[in-house]
Participant: 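Below is the structure I would like to discuss, written out as structure tokens.
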Amino acid sequence: MTTIGIHGLAQSGKSTLFTLLTQGHGGNVQREGPLTLTTAVVPFPDPRLDALHRLVGCKNKVPATMTLVDVAAAPGSRGGGLGPLRNALARMDALVLVVRVFPGEHVPHPLGEVDPQRDLDHLEGELMLADMEVLENRLERLHEERQKAARPRELIEREQAVVTRLLEALRQEKPLRTLPLNEEEARLVAGYGLLSRKPLLVVVNLGEDQEAPALRVPEGARRVDAALALERELLDMPDDEAANFREAYGLPPTPARQRILAALRATLDVITFYTYNERECRAWLLPRGATAIDAAGRIHTDMARGFIRAEVWPIEAFLKAQGDTAALRRQGLWRVEGRDYQVQDGDILYIRFSR
Ligand SMILES: Nc1nc2c(ncn2[C@@H]2O[C@H](COP(=O)(O)OP(=O)(O)O)[C@@H](O)[C@H]2O)c(=O)[nH]1
Ligand SMILES: [Mg+2]
């Protein structure tokens, strides 16, 4: 459901990152014109789900997942802009930009010298330019619609107003993710696939022994620094050996895989809710601010259609009380909520619905 595109210049470490996040399980390769898309489903590590599974003893444990796509363009296929790459990136819910810091005579850099700031500015600039093109086309189309009175004039005007505002921001070199939109505006532009509006994580790919450089990261983006190639080598090592290796090489104690997945989760601005029965303990992602009816729909459309109420209790308290729901009731932590209840991170939900 949540799709994340890995983007970056050639030889920056995209495939290395993909391998690290998929733990070398590989992916499904598809060609799309000059693009090669490698796709895999990656579970989010979730200690709370692990604990719930141990406590309740359900048969299966189903973590929340994301779909990861390594988006590689054949050299020379982009013709100065993003070309066909734009449409592929437009389908993603969030983007990861891989930026190369590692040196290397053996690995040529497509722009010559290694210069992460230049690459970062270049990549973000391309996203913004692609958005500008989309918005300018849209503005023209709206103008025609207005002349032909294809739709109610008021609707067209409202869309024109948002598009103009977005264009104005881009002209001031502001990526669209920094621009707050109200619900209606967000809905109007949702179908445009605007690239600089997508949540962004920058992964700075360091070489061995390299310090993290000072970088101006695009506004509204998160950043993780990692020596991807080195971290990938550690994947196949037993834990204690890897820990020694980390210390010897001065790597951060938390593996990059874990740090990057945590940053991705934060970038997506999602919350996790849980369900369980004898058959399975399961974690689900929802956009922050989503309601009980959204959660029900996430599980099953029938559940949203026949929604009656949600029983809700927080997973931390549930784990602490060793699964004693009576104790939670006494503490007022087990609640009955209606369809508009805003689901909180860590809620366990039991949805009552009529079939
Ligand atoms: N020395 C070094 N080489 C790296 C590092 N990360 C990637 N590489 C190498 O750089 C080349 C390009 O990496 P790859 O992940 O295939 O880049 P992609 O073109 O963006 O997918 C490969 O030969 C990698 O082994 C790194 O941190 N240090
Ligand atoms: Mg690659």
Side-chain angles (χ1 to χ4, degrees), residues 3-40 42 67-78 82-86 88-89 92 94-124 126-127 200-213 215 223-237 242 245-246 248-252 254-261 263-264:
T3 307
I4 293 165
I6 303 179
H7 175 46
L9 294 175
Q11 312 277 42
S12 57
K14 297 185 297 298
S15 300
T16 307
L17 174 63
F18 184 86
T19 306
L20 183 68
L21 295 183
T22 56
Q23 298 184 293
H25 291 314
N28 176 16
V29 179
Q30 258 178 304
R31 310 246 172 227
E32 209 178 281
L35 306 179
T36 305
L37 308 176
T38 311
T39 303
V42 177
T67 303
L68 195 65
V69 189
D70 176 355
V71 189
S77 67
R78 296 167 54 177
L82 282 176
L85 196 52
R86 198 211 85 89
L89 296 178
M92 308 295 159
L95 299 177
V96 177
L97 289 186
V98 182
V99 178
R100 169 173 173 179
V101 180
F102 72 86
E105 311 75 57
H106 313 299
V107 183
H109 190 297
L111 300 183
E113 299 290 300
V114 173
D115 181 345
Q117 188 66 63
R118 173 204 58 201
D119 294 354
L120 200 48
D121 294 346
H122 173 82
L123 291 163
E124 171 84 336
E126 274 188 334
L127 301 183
L200 181 65
L201 175 67
V202 174
V203 172
V204 178
N205 187 11
L206 304 173
E208 291 175 23
D209 304 325
Q210 270 186 320
E211 297 278 322
L215 283 175
R223 164 180 178 174
V224 173
D225 295 75
L228 296 177
L230 205 52
E231 295 270 356
R232 185 187 55 187
E233 310 257 318
L234 301 186
L235 271 183
D236 307 320
M237 250 183 227
F245 198 94
R246 298 192 155 278
Y249 272 86
L251 292 174
T254 311
R257 181 170 189 278
Q258 236 163 291
R259 288 188 290 125
I260 293 168
L261 288 175
L264 261 179

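Ligands are counted one by one from 1 in listed order, and the atoms in each one are counted from 1 as well. Computed from a predicted model, the values in this text were never measured in an experiment.
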Participant: Is Ser12 near ligand 1, meaning one of its heavy atoms is under 4.0 Å from it?
Facilitator: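 Checking ligand 1 against Ser12, which is what was asked, there is a heavy-atom contact under 4.0 Å.
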Participant: Do any nitrogen or oxygen atoms of Gly13 lie less than 3.5 angstrom from nitrogen or oxygen atoms of ligand 1?
Facilitator: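 Yes, since at least one N or O of Gly13 sits under 3.5 Å from an N or O of ligand 1.
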Participant: In terms of residue, atom name and distance, what is the protein heavy atom nearest to atom 6 (N) of ligand 1?
Facilitator: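 Here the closest protein heavy atom is Asn205 ND2, 3.1 Å.
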Participant: May I ask whether Leu9 places a heavy atom under 4.0 Å from ligand 1?
Facilitator: yes
Participant: Quick one: does Phe245's side chain get under 4.5 Å of Leu230's, heavy atoms only?
Facilitator: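 With C-beta onward as the side chain, the pair touches.
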Participant: For residues 17-26, tabulate all N or O donor-acceptor pairs below 3.5 Å that involve a side-chain atom, not counting sequence neighbours.
Facilitator:
| unit_1 | atom_1 | unit_2 | atom_2 | d |
| --- | --- | --- | --- | --- |
| Thr19 | OG1 | Ser15 | O | 2.8 |
| Thr22 | OG1 | Phe18 | O | 2.7 |
| Thr22 | OG1 | Thr19 | O | 3.4 |

Participant: Can you tell which part of Val107 has a heavy atom less than 4.0 Å from ligand 1: side chain, backbone, both or neither?
Facilitator: side chain
Participant: Can you check whether Leu215 reaches Val202 side chain to side chain, under 4.5 Å on heavy atoms?
Facilitator: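 No; the side chains remain at least 4.5 Å from each other.
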Participant: Short check: is a protein heavy atom less than 4.0 Å from atom 4 (C) of ligand 1?
Facilitator: yes
Participant: Does the side chain of His109 come within less than 4.5 Å of Leu9's, by heavy atoms?
Facilitator: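 Yes - at least one pair of side-chain heavy atoms lies under 4.5 Å apart.
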Participant: Any non-hydrogen side-chain atom of Lys14 less than 4.5 Å from a side-chain atom of Arg100?
Facilitator: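 Result no, sub-4.5 Å side-chain heavy-atom pair not found.
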Participant: Just to be careful: counting only protein atoms that are N, O or S, how many fall under 2.8 Å of the Mg ion (ligand 2)?
Facilitator: 1
Participant: Pairs in or reaching into residues 15-33: which pass salt bridge (charged side-chain N to carboxylate O under 4.0 Å, His left out), with residues at least two apart or in two chains?
Facilitator: Glu32-Arg91
Participant: Measure across Pro110 and Ala10 and return the closest heavy-atom pair with its distance rounded to 0.1 Å.
Facilitator: CD-O, 3.4 Å
Participant: Can you see which heavy atom on Arg259 is nearest to which on Pro252, and at what distance?
Facilitator: NH2-CG, 3.6 Å
Participant: Which residue holds the protein heavy atom closest to atom 8 (N) of ligand 1, what is that atom called, and what is the gap in Å?
Facilitator: Phe102 CZ, 3.6 Å
Participant: What residue and atom, counting heavy atoms only, is the protein's closest point to atom 24 (C) of ligand 1, and at what distance?
Facilitator: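 Among all protein heavy atoms, the one nearest atom 24 (C) of ligand 1 is Thr16 OG1, 4.1 Å.
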Participant: Using side-chain hydrogen bond (donor to acceptor under 3.5 Å, both in side chains) as the criterion, list what pairs up with Thr3, not counting sequence neighbours.
Facilitator: none
Participant: Among protein heavy atoms, which lies nearest atom 19 (O) of ligand 1, and at what distance?
Facilitator: Gln11 N, 2.8 Å
Participant: Quick one: does Asn205's side chain get under 4.5 Å of Ser12's, heavy atoms only?
Facilitator: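 Answer no - side chains too far apart.
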Participant: Among all protein non-hydrogen atoms, which one is nearest to atom 25 (O) of ligand 1, and what is the separation to 0.1 Å?
Facilitator: Arg232 NH2, 4.0 Å
Participant: Taking the side chain as C-beta and beyond, is there a heavy-atom pair between Val96 and Ile260 under 4.5 Å?
Facilitator: no
Participant: Kindly give the heavy-atom pair with the smallest separation between Val114 and Pro103, and that separation in Å.
Facilitator: CG2-CA, 4.4 Å
Participant: What do we get for Leu206 next to ligand 1 when only non-hydrogen atoms under 4.0 Å count, side chain, backbone, both or neither?
Facilitator: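 Near ligand 1, Leu206 shows its backbone, while the atoms from C-beta on stay back.
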Participant: In the structure I gave you, are the side-chain heavy atoms of Pro213 and Asp225 within less than 4.5 Å of one another anywhere?
Facilitator: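 The answer is yes, as the side chains (C-beta and beyond) meet within the 4.5 Å cut-off.
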Participant: Would one find an N or O of Asp70, backbone or side chain, under 3.5 Å from an N or O of ligand 1?
Facilitator: no
Participant: Among all protein non-hydrogen atoms, which one is nearest to atom 16 (O) of ligand 1, and what is the separation to 0.1 Å?
Facilitator: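 Here the closest protein heavy atom is Ser15 CB, 3.8 Å.
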Participant: For ligand 1, is any non-hydrogen atom under 4.0 Å from Leu17's backbone (N, CA, C, O), its side chain (CB onward), both, or neither?
Facilitator: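 For Leu17, there is no contact with ligand 1 at all, from either part.
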